[in-house]
Amino acid sequence: KIIMFQKKINFLISLKNIEEISNKVLAEVDILDLKDPLKGSIGAWEENNIKRVITIHKHKIQISATLGDVFEDKEFLIKLKKFDFLGLDFIKFGLLSMDQEKIFEKLKIIESTIFKTNLVCVIFVDIKNHLNLVNNNLNLFFRCGVKNILLDTFSKGNGDLLNFCKIDYLKRFISKCKKNNINIGLAGGLKEIQIPEILKLNPDIVGFRSAICRSNSRTSSIDINKIKKLSGYFNS
């Protein structure tokens, strides 16, 4: 009799500052994501604070950091090269451009440079047409060296991931990603009540911020009891 073991789905939480990191938190999660909600959709931490976290926690947990809401390609490359030397496990960058025609320029920049950190491209499902463009060009990601995609929302007050993507669409998109050897993460204001449905889709990572905070507000402080409760879904 052959027993198939399903790969664990990683539980990621975004933390806004060093004060939110504790051993209690680390015990519950798989990936620590350094993201400042006061600085935009994927607001970046100060580099010195990222370095501090890496120095203290590098061997305890996987650490990810967001590059910030960077639209300009030149600024993107400069910042990405800096972050690549920090010793992170993942760098998250947004597929952002002021010109829809140039949405894939950042991928072309990555293709011509070698990075040692795993790069995660954040796709904003609430920006018109972005997800469909990505869906039609998935082979481009792997070819350019981006093996991780995360679906998220850019405007945080207009609804969560499932307001913009039907479950059947997500199922097909995830299946297509896996056929293209791309890891897929789901985030974007997800709520505890949605977790069972999300886990059935079998993504590689599921990420949270507002659902682990007091009053479910992404800018307020985290609640360890909420983190423990969510962790239970991933570790049962």
Side-chain angles (χ1 to χ4, degrees), residues 6-7 9-12 14 31 33 35 40-42 64 66-73 76 80 90-113 115 117-191 194-209:
Q6 188 176 315
K7 197 173 80 167
I9 298 169
N10 283 300
F11 174 38
L12 173 149
S14 296
I31 303 171
D33 181 45
K35 179 173 80 172
S41 176
I42 51 169
S64 155
T66 53
L67 210 59
D69 295 345
V70 182
F71 286 83
E72 216 276 312
D73 293 337
F76 166 72
L80 190 54
F90 301 97
I91 300 168
K92 282 165 61 186
F93 70 93
L95 197 69
L96 292 167
S97 176
M98 289 300 188
D99 182 352
Q100 186 87 304
E101 300 289 311
K102 295 181 178 174
I103 187 178
F104 295 120
E105 287 301 307
K106 287 184 170 63
L107 296 185
K108 291 172 188 170
I109 288 167
I110 288 164
E111 187 182 19
S112 57
T113 317
F115 296 98
T117 317
N118 285 305
L119 303 181
V120 181
C121 183
V122 183
I123 314 298
F124 299 106
V125 298
D126 54 332
I127 297 180
K128 197 175 180 328
N129 244 357
H130 269 210
L131 188 53
N132 286 332
L133 280 167
V134 169
N135 196 8
N136 295 330
N137 293 276
L138 267 182
N139 58 331
L140 184 65
F141 285 77
F142 194 81
R143 202 179 77 218
C144 294
V146 177
K147 295 170 188 140
N148 306 279
I149 283 176
L150 178 79
L151 301 187
D152 202 349
T153 51
F154 188 77
S155 301
K156 302 302 179 183
N158 296 336
D160 60 51
L161 178 71
L162 297 186
N163 290 124
F164 295 96
C165 299
K166 288 189 166 63
I167 286 289
D168 282 347
Y169 183 95
L170 288 174
K171 201 180 281 182
R172 289 194 302 273
F173 183 77
I174 289 168
S175 170
K176 200 170 172 183
C177 282
K178 296 196 172 189
K179 280 175 189 159
N180 282 276
N181 292 313
I182 293 168
N183 297 316
I184 177 77
L186 302 178
L190 292 170
K191 301 168 181 66
Q194 296 166 327
I195 295 175
E197 200 172 18
I198 288 293
L199 293 183
K200 279 181 198 164
L201 297 170
N202 199 25
D204 297 285
I205 293 170
V206 186
F208 302 89
R209 173 63 196 177

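By the neighbour-count criterion of 12 heavy atoms within 6.0 Å, atom CD of Glu197 is sparsely surrounded, having that number or fewer from other residues, nucleotides or ligands. Within a 6.0 Å radius of NZ in Lys176, other residues, nucleotides and ligands contribute more than 12 heavy atoms. In the displayed structure, Lys178 atom NZ is contacted under 6.0 Å by more than 12 heavy atoms of other residues, nucleotides or ligands.
With rounding to the nearest 0.5 angstrom, the CZ atom of Phe93 is 9.5 Å from the CD1 atom of Ile109. Atom CG in Asn180 sits 11.5 Å away from atom CZ in Arg143 (nearest 0.5 Å). Here CG of Asp69 is found 6.0 Å from CZ of Phe124. Values are rounded to the nearest 0.5 Å. Expressed to the nearest 0.5 Å, how far CD1 of Ile195 lies from CZ of Phe11 amounts to 7.0 Å. Ser175 OG to Leu170 CG: the interatomic distance, rounded to the nearest 0.5 Å, is 12.0 Å. Distance CD1/Ile205 to CD1/Ile31: 3.5 Å, rounded to 0.5 Å.
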Using residues 145-154 as the side-chain source, report each donor-acceptor pair under 3.5 Å to any protein atom, sequence neighbours left out, with the distance given to one decimal.
from   : atom 1 : to     : atom 2 : distance (Å)
Asn148 : OD1    : Asn183 : ND2    : 3.1
Asn148 : ND2    : Leu119 : O      : 3.2
Asp152 : OD1    : Lys156 : NZ     : 3.1
Asp152 : OD1    : Gly188 : N      : 3.3

*May I have the step-by-step check of side chain to side chain contact (heavy atoms under 4.5 Å, CB included) for Ile198 and Leu162, ending in yes or no?*
CA-CA 9 Å; Ile198 288 293; Leu162 297 186; 4.0 Å; yes
*Using the side chain to side chain contact (heavy atoms under 4.5 Å, CB included) rule, take Val70 and Leu96 through it: C-alpha gap first, then chi angles, then the decisive distance, then the call.*
CA-CA 7 Å; Val70 182; Leu96 292 167; 6.0 Å; no
_For His130 and Val125: C-alpha separation, side-chain torsions, deciding distance, then whether side chain to side chain contact (heavy atoms under 4.5 Å, CB included) applies._
CA-CA 6 Å; His130 269 210; Val125 298; over 6 Å; no
*Could you walk me through whether Cys165 and Leu131 pass the side chain to side chain contact (heavy atoms under 4.5 Å, CB included) check?*
CA-CA 9 Å; Cys165 299; Leu131 188 53; 3.6 Å; yes
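Looking at Asn202, Ile184, Asp204 one by one, the single match for side chain to side chain contact (heavy atoms under 4.5 Å, CB included) with Ile174 turns out to be Ile184.
At a threshold of 4.0 Å, the pair Lys108-Glu111 does not count as salt-bridged, since none of the basic side-chain nitrogens sits closer than that to a carboxylate oxygen.
With Asn136 contributing its side chain and Asn132 its backbone, the two residues share a donor-acceptor pair below 3.5 Å.
In this structure, a donor-acceptor pair under 3.5 Å is present between the side chains of Gln194 and Asp160.
Within the 4.5 Å cutoff, the side chain of Ile91 has heavy atoms near those of the Leu67 side chain. Using a 4.5 Å heavy-atom threshold, the side chains of Phe104 and Asn137 count as touching. At least one side-chain heavy atom of Ile110 sits under 4.5 Å from a side-chain heavy atom of Phe76.
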